[in-house]
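Each chain gets a letter, A, B and so on, in the order its sequence line appears, and its residues count up from 1.
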Protein chains: 2
Amino acid sequence: MALKAEDMGSLSFMVRRTWLSMRSAISVELKEYGLTSPQYATLLIVAGNPGCSNSDIARKVASTRQAANEMLTALEGRGLLTRAPNPADRRTQQLHITDAGSAVLAGAHAAVQRREAELETGFTDEERAVVRRWCETIGDKCEPGEGGWPGLGV
Amino acid sequence: MALKAEDMGSLSFMVRRTWLSMRSAISVELKEYGLTSPQYATLLIVAGNPGCSNSDIARKVASTRQAANEMLTALEGRGLLTRAPNPADRRTQQLHITDAGSAVLAGAHAAVQRREAELETGFTDEERAVVRRWCETIGDKCEPGEGGWPGLGV
DNA sequence: ATCCTATTGACAGGTTCCTGACAATCTGGC
DNA sequence: GCCAGATTGTCAGGAACCTGTCAATAGGAT
């Protein structure tokens with residue numbers, strides 16, 4: 001089935017709108033945990049990658065070191081994660097989630113998983129796989145320079 | 001093929017990263033037109049919907065009236081679009097793209113279409129259709145209240 | 001040992017989003 | 001005609017992104 005011209009208004013427009021919609025919907029779920037979508041995602045990454053750095057976070061979400069820094073500063077300020085100097089590299093800080101952070105994340109994660117599962121009902125495993133491959137591939141191609149990402153997973 | 005648990009870190013995380021990546025890549029293309037991705041998308045909507053309102057823009061991109069207002073204020077300030085009172089509804093303003101806006105948009109659109117076509121190489125028409133339907137459906141389900149969007153197209 | 005390039009985290013200022021609130025207006029029900 | 005609820009655009013303040021810049025550090029080449 002060929003796509004109509006007007007369906008191709010803009011790919012990035014389509015993705016942006018999907019993101020803004022999901023962010024709003026997920027924010028409703030996260031509100032009771034005092035988190036926003038980006039904060040939740042950041043805690044998820046740190047929990048899954050103990051010892052990772054500010055730059056690692058920025059790379060994983062395809063944002064800037066500055067944006068990651070601000071996010072981490074706020075989460076550290078709330079006691080949800082800690083930053084410690086990396087003895088092996090004095091430029092770098094190592095991130096670890098705190099007990100408080102883990103507790104918040106556990107509840108938030110369940111809520112987000114439930115809501116996202118709802119959103120994706122009606123799609124087959126194959127369709128879901130196509131979407132994931134599309135997102136990963138497109139994201140890779142957007143990266144400046146060679147090679148891919150450190151993986152789609154958090 | 002069943003998806004692995006770790007592939008399901010978070011759907012919204014995946015979409016967010018795709019958006020941030022595309023935004024960055026498209027910004028490179030738009031730079032010479034003095035536009036950002038959101039500005040480009042807004043001009044595209046106004047060009048395709050002469051007379052639409054601030055709230056129409058907000059709905060079409062799934063953002064807030066305030067966000068749309070700020071975007072439009074900036075574009076109006078640069079002479080790329082105009083706002084005029086709507087004689088049929090004194091609450092509402094009608095948006096129209098200017099000649100300067102159309103000129104900028106024409107060049108920008110060609111550049112974005114080219115780059116987005118590059119990004120999507122390697123995907124079949126069917127796969128592209130799956131992604132579009134996924135985005136539209138997910139976005140619809142995120143909307144509070146009943147019914148769908150005013151359409152995916154701009 | 002020196003030097004160059006790259007990387008890191010942070011600062012400053014700007015853009016793009018948000019929530020909450022408000023006044024003006026519209027619309028439908030009574 | 002009146003009124004209640006909804007809609008619109010805007011204000012104010014905050015969160016999440018960005019670019020450009022800088023100092024400190026790492027690592028490889030010489």
Side-chain angles (χ1 to χ4, degrees), chain A residues 12-13 16-28 30-31 34-43 51-78 83-95 144-145, chain B residues 12-13 16-28 30-31 34-43 51-78 83-95 144-145:
Chain A
S12 56
F13 167 77
R16 171 178 169 232
R17 187 165 64 181
T18 308
W19 158 238
L20 291 176
S21 304
M22 293 185 81
R23 170 185 181 165
S24 175
I26 300 299
S27 286
V28 171
L30 289 171
K31 197 155 189 165
L35 295 177
T36 64
S37 283
Q39 287 168 353
Y40 159 72
T42 302
L43 283 181
C52 67
S53 71
N54 183 71
S55 294
D56 288 333
I57 300 291
R59 276 188 290 268
K60 278 188 178 294
V61 302
S63 78
T64 64
R65 300 192 310 271
Q66 180 53 14
N69 185 44
E70 288 168 358
M71 177 68 58
L72 294 169
T73 299
L75 292 172
E76 183 189 28
R78 290 171 56 188
R83 303 203 255 201
N86 181 355
D89 183 343
R90 291 213 295 278
R91 295 171 299 176
T92 309
Q93 290 174 337
Q94 289 182 306
L95 304 166
Chain B
S12 56
F13 168 78
R16 170 176 170 235
R17 187 166 63 181
T18 307
W19 157 241
L20 292 176
S21 302
M22 293 185 82
R23 167 185 184 165
S24 176
I26 299 299
S27 287
V28 170
L30 288 171
K31 198 154 189 164
L35 294 177
T36 63
S37 283
Q39 287 169 350
Y40 160 73
T42 302
L43 282 181
C52 68
S53 71
N54 183 72
S55 293
D56 289 332
I57 300 291
R59 277 189 289 268
K60 278 188 177 296
V61 302
S63 77
T64 64
R65 302 192 308 274
Q66 179 54 14
N69 185 44
E70 288 167 359
M71 178 67 56
L72 294 168
T73 298
L75 291 173
E76 182 189 30
R78 291 170 55 188
R83 304 203 254 203
N86 180 354
D89 184 342
R90 292 213 293 281
R91 295 171 297 175
T92 309
Q93 290 173 335
Q94 290 183 303
L95 304 167

Test side chain to side chain contact (heavy atoms under 4.5 Å, CB included) on B:Arg83 and B:Asn69 and set out the steps.
CA-CA 11 Å; B:Arg83 304 203 254 203; B:Asn69 185 44; 3.1 Å; yes
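- Among the heavy atoms of the strands, none lies under 4.0 Å from B:Ser27.
- The distance between atom CD of B:Gln93 and atom P of D:dT8, rounded to the nearest whole Å, is 12 Å.
- Judged by distance alone, with hydrogens and angles left aside, the side-chain atoms of A:Arg78 form a donor-acceptor pair with the main-chain N or O of A:Gly34 at under 3.5 Å.
- To the nearest angstrom, P of D:dA16 lies 14 Å from CG of A:Leu20.
- Using a 4.5 Å cut-off on side-chain heavy atoms (C-beta onward), A:Gln39 and A:Leu75 make contact.
- Using a 4.0 Å cut-off, some side-chain N or O of A:Thr36 falls inside it from OP1 or OP2 of D:dA16.
- What separates CH2 of B:Trp19 from C1' of D:dC18 is a distance of 12 Å, to the nearest Å.
- Listed for the A:Asp56 side chain is a donor-acceptor partner under 3.5 Å among the backbone atoms of A:Ser53.
- Of the residues near DNA chain D, A:Asp89 and A:Glu70, the one whose nearest nucleotide (by heavy atom distance) lies more toward the 5' end is A:Glu70.
- Between the side chain of B:Ser24 and the main chain of B:Leu20, no donor-acceptor pair closer than 3.5 Å is present.
- Looking at heavy-atom distances under 4.0 Å, B:Ser24 makes no contact with the nucleic acid at all.
- Here B:Arg83 reaches the OP1 or OP2 of D:dT10: one of its side-chain N or O atoms lies under 4.0 Å away.
- As a whole-Å value, the separation of A:Asn69 CG from D:dC22 P is 18 Å.
- On the nucleic acid side, DNA chain C contacts chain B at distances under 4.0 Å to non-hydrogen atoms, with the end points of that region at C:dT16 to C:dC26.
- When side chains are defined from C-beta on, A:Met71 does not count as touching A:Ile57, because their heavy atoms never get closer than 4.5 Å.
- With hydrogens and angles disregarded, no donor-acceptor distance shorter than 3.5 Å links the side chain of B:Asn86 to the backbone of B:Gln94.
- Formation of a donor-acceptor pair under 3.5 Å by the A:Arg23 side chain with backbone atoms of B:Ser12 is not found in this model.
- Put simply, CG on A:Leu30 is 15 Å from C1' on D:dA15, counting in whole angstrom units.
- At a threshold of 4.0 angstrom between heavy atoms, the contacts of B:Arg65 include nucleobase atoms, whether or not backbone atoms are also involved.
- For B:Ser55 and D:dT8, the shortest distance from a side-chain N or O to OP1 or OP2 is below 4.0 Å.
- The residue among A:Asn54 and B:Arg90 whose nearest nucleotide of DNA chain C is located toward the 5' end is A:Asn54.
- The interatomic distance linking B:Glu76 (CD) with D:dT10 (C1') rounds to 13 Å, in whole Å.
- Atom CG in A:Leu43 sits roughly 11 Å away from atom P in D:dA16 (whole-Å rounding).
- Residue B:Thr64 is in base contact, counting any heavy-atom pair closer than 4.0 Å across all strands shown.
- At a cut-off of 3.5 angstrom, counting only N and O atoms as typed in the model, there is a donor on one side and an acceptor on the other between the side-chain of B:Arg91 and the base of D:dT7.
- Contact annotation for B:Thr73: no contact, since no heavy-atom pair falls under 4.0 Å across all strands.
- One interatomic measurement links the two molecules: CZ of B:Arg16 to C1' of D:dA16, which rounds to 8 Å at whole-angstrom precision.
- Here D:dT19 is the nucleotide among D:dC11, D:dC17, D:dT19 with the atom lying nearest to any side-chain atom of A:Gln66.
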